[in-house]
Number of protein chains: 2
Amino acid sequence: MRTCAGLPAPEALARIAETLRLLAHPQRLHLIGLLNRVAAAPVHALGAALDAPQAVTSQHLNLMRRAGLVAAERRGKEVWYSLADRRALKVLKCVCNQGGTR
Amino acid sequence: MRTCAGLPAPEALARIAETLRLLAHPQRLHLIGLLNRVAAAPVHALGAALDAPQAVTSQHLNLMRRAGLVAAERRGKEVWYSLADRRALKVLKCVCNQGGTR
DNA sequence: TTAAAATATTGACTTATTTTAATACTATGA
DNA sequence: TCATAGTATTAAAATAAGTCAATATTTTAA
């Protein structure tokens, strides 16, 4: 298990920031949490859980898919999404515990 | 150790997203990493390490301070900053390992 | 009290992100 | 082939975030 020894190089910091930026949205975080519970689900089911318009749900999922955070697989008319990067869930888990002073 | 059981409530998701948004910037991530190494440092030293203008460094630090991610303490003419929320470092650490398929 | 160092704040500007609505695409079954 | 369900894409408008330069504030020391 590689832990972040030393400071990440500038390009690495940019990539990490980009990943965090994608996670830094309530609905996208919600999607990550949902996908963790159900393993995989079609867009319309996820959109219903979020109570968000179809286009919005699709856009969020596509953003995360392009970054490799989630994966998409067509099953007939539906496209089922699933988690593809365990870091997404790890981030959600470690940031949703209360902070506290160090 | 409280782990994120169940999906966070909407307000919680918003708070978590806000925290992640603050971390989702290369220079702010760099500051978190630096503060982890040195424990505390004045603004001008951090700005020099980042090679960023004084105002920019101060602004980044202030953003994070208002969110409770870092703490500030005046020592004479200087203001020394330090980490105040261990989640910041945890996020940096777990997101800077390579992603991988689940 | 004046000057200088260190930090913070402000406002204008530029850029990026989010939202919305409309429309296009793809697969299925009649 | 046609209609329909499920997704994706696009463009425009609204909102938010980042950058920069100038200036204000705070503290110390002369």
*Asks:* Let me check something: any side-chain donor-acceptor pairs from residues 62-74 of chain B under 3.5 Å, sequence neighbours excluded? List them with distances.
*Replies:*
unit_1, atom_1, unit_2, atom_2, d
B:N62, OD1, B:R65, NE, 3.3
B:N62, OD1, B:R65, NH2, 2.6
B:N62, ND2, B:S58, O, 2.8
B:N62, ND2, B:S58, OG, 3.3
B:R74, NH1, B:G76, O, 3.0
B:R74, NH1, B:K77, O, 3.3

*Asks:* With ring pair (Phe, Tyr, Trp, His ring centres under 6.0 Å) as the rule and sequence neighbours excluded, what pairs involving residues 62-92 of chain A come up?
*Replies:*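 Not a single pair qualifies under ring pair (Phe, Tyr, Trp, His ring centres under 6.0 Å).
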*Asks:* For A:L22 and C:dT17, give me the distance from atom CG to atom P, rounded to whole Å.
*Replies:*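 Roughly 9 Å, once rounded to whole Å.
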*Asks:* Would you list the pairs meeting salt bridge (Lys or Arg N to Asp or Glu O under 4.0 Å) in which at least one residue belongs to residues 17-36 of chain B, sequence neighbours left out?
*Replies:*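 Non-adjacent pairs meeting salt bridge (Lys or Arg N to Asp or Glu O under 4.0 Å): B:E18-B:R21.
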*Asks:* Which nucleotide span of DNA chain D, 5' end to 3' end, has atoms closer than 4.0 Å to non-hydrogen atoms of chain B?
*Replies:*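 Contacts span D:dA17 to D:dT28, reading 5' to 3'.
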*Asks:* Donor-acceptor pairs under 3.5 Å, side chain of residues 42-54 of chain A to any protein atom, not counting sequence neighbours: which ones?
*Replies:*
unit_1, atom_1, unit_2, atom_2, d
A:H44, NE2, A:E78, OE2, 2.7

*Asks:* Any non-hydrogen side-chain atom of A:V95 less than 4.5 Å from a side-chain atom of A:L23?
*Replies:*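 Result no, sub-4.5 Å side-chain heavy-atom pair not found.
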*Asks:* Here's a test of your reading of the structure: between A:E18 and B:V79, which maps to the more 5' nucleotide of DNA chain C?
*Replies:*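 Nearest nucleotide further toward 5': that of B:V79.
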*Asks:* Taking only residues two or more places apart in sequence or in another chain, which ones pass ring pair (Phe, Tyr, Trp, His ring centres under 6.0 Å) with A:H25?
*Replies:*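 A:H25 satisfies ring pair (Phe, Tyr, Trp, His ring centres under 6.0 Å) with A:H60 only.
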*Asks:* In chain order, what residues pass the side-chain hydrogen bond (donor to acceptor under 3.5 Å, both in side chains) check against A:R15, with sequence neighbours excluded?
*Replies:*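 With sequence neighbours excluded, A:R15 shows a side-chain hydrogen bond (donor to acceptor under 3.5 Å, both in side chains) to no residue whatsoever.
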*Asks:* Grouping I, L, V, M, F, W and Y whenever their side-chain heavy atoms are under 4.5 Å apart, do B:V79 and B:V56 come out in a common cluster?
*Replies:*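 In one cluster with B:V79: B:V56, no.
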*Asks:* Identify the two heavy atoms, one from B:C96 and one from A:I16, that lie closest to each other, and give their separation to 0.1 Å.
*Replies:*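 Distance-wise, the nearest heavy atoms are CB-CD1, 3.2 Å.
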*Asks:* Collect all protein-nucleotide pairs involving nucleotides 26-28 of chain C in which both atoms are nitrogen or oxygen and the distance is under 3.5 Å.
*Replies:*
none

*Asks:* Looking at A:N36 and A:L89, what are the two nearest heavy atoms and their distance?
*Replies:*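 Taking A:N36 first and A:L89 second, the nearest heavy atoms are OD1-CD2, 2.9 Å.
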*Asks:* Report the distance from atom CZ of B:R86 to atom NZ of B:K93, rounding to the nearest 0.5 Å.
*Replies:*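 It comes to 12.5 Å.
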*Asks:* My validator wants the stems of DNA chain D: runs of 3 or more consecutive Watson-Crick or G-U pairs, both distances under 3.5 Å, written as range with range.
*Replies:*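 Paired runs of 3+ in DNA chain D: C:1-30 with D:1-30.
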*Asks:* Check each residue of residues 53-66 of chain B for a non-hydrogen atom within less than 4.0 Å of any atom in DNA chain C, then write out the ones that pass by number, or none.
*Replies:*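 B:Q54, B:A55, B:S58, B:Q59, B:N62 - these, ordered by number, are the residues of the stretch whose heavy atoms sit under 4.0 Å from the strand.
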*Asks:* CG of B:L46 versus P of C:dA6: gap in Å, rounded?
*Replies:*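 Rounding to the nearest Å, CG of B:L46 and P of C:dA6 are 14 Å apart.
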